[in-house]
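Okay, structure first, notes after.
None of these values were measured; they are calculated from a predicted model. Heads up: numbering here begins at 1 and tracks the sequence.
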Amino acid sequence: MDEVIGLQFSYSYCSSAQLGEHKDAFERDLRQALTDFSPAGTFDEVVRTEAMIGTRS
């Protein structure tokens, strides 16, 4: 859960600087929403990777 919250704070639109005095309330609300979604505190992340390989002849 801490990693998900940290990721959110890394985005410019919800960084600590952007949220200012509302940062703690945002974190509290986010933590509650995440707990409601997954009481175990675990979340899946889908990572897609694509590679393009070219050769010269």
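Counting all heavy atoms, side chain and backbone alike, S16 lies closest to K23 at OG-CE, 3.3 Å.
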Only pairs under 3.5 Å count here: list side-chain donor-acceptor contacts from residues 36-45, not counting sequence neighbours, and write none if there are none.
from: D36; atom 1: OD1; to: Q32; atom 2: NE2; distance (Å): 2.7
from: S38; atom 1: OG; to: T42; atom 2: N; distance (Å): 3.4
from: S38; atom 1: OG; to: T42; atom 2: O; distance (Å): 2.8

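Here the CD atom belonging to E21 is positioned 15.5 Å from the CZ atom belonging to F26, to the nearest 0.5 angstrom. In this structure, M1 CE and L30 CG are separated by 8.5 Å, a value rounded to the nearest 0.5 Å. From D2, atom CG reaches atom CD of E27 across 8.0 Å, with rounding to the nearest 0.5 Å.
Under a 4.0 Å N-O distance rule, the pair R31/D24 does not qualify as a salt bridge.
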Query raised in the report: After noting the C-alpha distance and the side-chain angles of F9 and Q18, does the key distance pass the side chain to side chain contact (heavy atoms under 4.5 Å, CB included) rule?
Result: CA-CA 9 Å; F9 284 134; Q18 185 71 21; over 6 Å; no
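Under the 4.5 Å side-chain heavy-atom criterion for ILVMFWY residues, no single connected hydrophobic cluster contains both L7 and V4.
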